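I have placed the structure first, in the form of structure tokens, so that the comments after it can refer back to it.
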Amino acid sequence: PESESESEPESESEHEPESEPEDEPAHAESSLVVGSTTYRYTAPVMGGKASLHWVVTDEASGTVDLALTKAGAGGWLSLAMPEAAGEMVGAHAIVAEGTAVQFVELNSYEPPFPAMNSSGMRVAFESASSSVQDGETILIVSGAKLPLGSASLIFGLNDGCAFPCEHSAHGAETMELSAPTSDGDGAIAGAAVKREHVGCLAAGTVSLLCVARL
């Protein structure tokens, strides 16, 4: 007779890996106000080196106001719209340095990057500007037309040198942007950030932005 301590072999299904947990919302209510714009949500990006703030102004047309912030007035800060999610090459970037902005096409892994007109950017927007407020650099993009359910963005920054020097932080995110609510109680519904960093694109001394699988 079989020993009582022996047991039937476990079925293969019992050894199947557990499913990965779903991404939890990584946002909070924003307290940022720039000019006449009050931003509704915020989420950390680039490992917490910067924060993205946003408010949906027109859900039907997918219009959103964005503000990317980092500590300090030095260096540069960039927000790029990729041709393919997470890919640097082909992205169109808005770069803030102090109170100035420039528009560039990231057409290769290393500079120089050709300048662009704002009207030729992949994502249409009403205006882009930069300011320094309360010791932070703020890159402002107003009236951006983005897919609210899945907006792919790439970020980069360096706190101590001029663009396009090597970044000190970088990242790529797919943002699930929520529409404004009318309950008036400050509740946040639906906004989330999903991220899966894969690696960084580098060439020579330049490692500008990060590739992510989104």
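Treat the numbers as computed from the prediction; the structure is a model and nothing was measured.
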| field | Tyr41 vs Val55 side-chain heavy atoms within contact, under 4.5 Å | value | no
| said: What I'd like to find out is whether the side chain of Gln133 reaches to under 4.5 Å of the side chain of Ile138, using heavy atoms alone. | reply: yes
| request: Take Leu52 and Met175 through the test side-chain contact (heavy atoms from CB on, under 4.5 Å) and record every step on the way to the result. | output: CA-CA 10 Å; Leu52 183 69; Met175 310 294 298; 3.7 Å; yes
| field | Where at least one partner belongs to residues 91-107, residue pairs that pass side chain to side chain donor-acceptor pair (under 3.5 Å), sequence neighbours excluded | value | Glu97-Gln102
| Pairs in or reaching into residues 66-75: which pass salt bridge (Lys or Arg N to Asp or Glu O under 4.0 Å), with residues at least two apart or in two chains? | Lys70-Asp159
| query | Is there a side-chain contact between Trp76 and Cys165, using heavy atoms and a 4.5 Å cut-off? | reply | yes
| task | Sequence neighbours left out, what passes salt bridge (Lys or Arg N to Asp or Glu O under 4.0 Å) with Asp65? Give chain and number order. | result | none
| said: What I'd like to find out is whether the side chain of Lys145 reaches to under 4.5 Å of the side chain of Thr63, using heavy atoms alone. | reply: yes
| Minimal non-hydrogen separation, Val56 against Leu148, with atom names | CG1-CD1, 4.1 Å
| message | Could you report the tightest heavy-atom contact between Met81 and Val123, atom names first, then the distance? | response | CG-CG2, 3.3 Å
| field | Gap between atom CG of Leu66 and atom OG1 of Thr37 - 0.5 Å precision | value | 11.0 Å
| field | Least distance between heavy atoms, Ala91 atom then Pro82 atom | value | CB-CA, 3.7 Å
| So, do Phe155 and Leu157 sit near enough that their side-chain heavy atoms are less than 4.5 Å apart? | no
| field | Ser130: partners by side chain to side chain donor-acceptor pair (under 3.5 Å), with sequence neighbours left out | value | none
| query | What's the spacing between His53 NE2 and Leu32 CG if we round to 0.5 Å? | reply | 5.0 Å
| request: Using the side chain to side chain contact (heavy atoms under 4.5 Å, CB included) rule, pick out the option among Val141, Leu68, Leu177, Leu146 that qualifies with Trp54. | output: Leu177
| After noting the C-alpha distance and the side-chain angles of Ser108 and Phe113, does the key distance pass the side-chain contact (heavy atoms from CB on, under 4.5 Å) rule? | CA-CA 8 Å; Ser108 67; Phe113 302 115; 4.2 Å; yes
| task | Kindly say whether Ser119 contributes a backbone atom to a donor-acceptor pair with the side chain of Asn117 at under 3.5 angstrom? | result | no
| field | Side-chain heavy atoms of Phe125 within contact of Ile94, under 4.5 Å | value | yes
| request: Would you name the heavy atoms of Gly90 and Arg122 that are closest together and state the gap between them? | output: O-NH1, 2.8 Å
| query | Would a 4.5 Å heavy-atom cut-off, applied to side chains only, mark Val104 and Val95 as touching? | reply | yes
| field | Side chains of Val34 and Ile140 in contact at under 4.5 Å (non-hydrogen atoms) | value | yes
| Can you list every salt bridge (Lys or Arg N to Asp or Glu O under 4.0 Å) pair that touches residues 125-135, not counting sequence neighbours? | none
| message | For Ser150, give me all partners under side-chain contact (heavy atoms from CB on, under 4.5 Å), at least two apart in sequence or on another chain. | response | Thr174
| task | Over all heavy atoms of both residues, which pair between Gly98 and Thr137 is shortest? Give the atoms and the distance, please. | result | O-CG2, 4.4 Å
| remark: In short, Ile154 meets Gly86 closest at the heavy-atom pair CD1-C, 3.9 Å
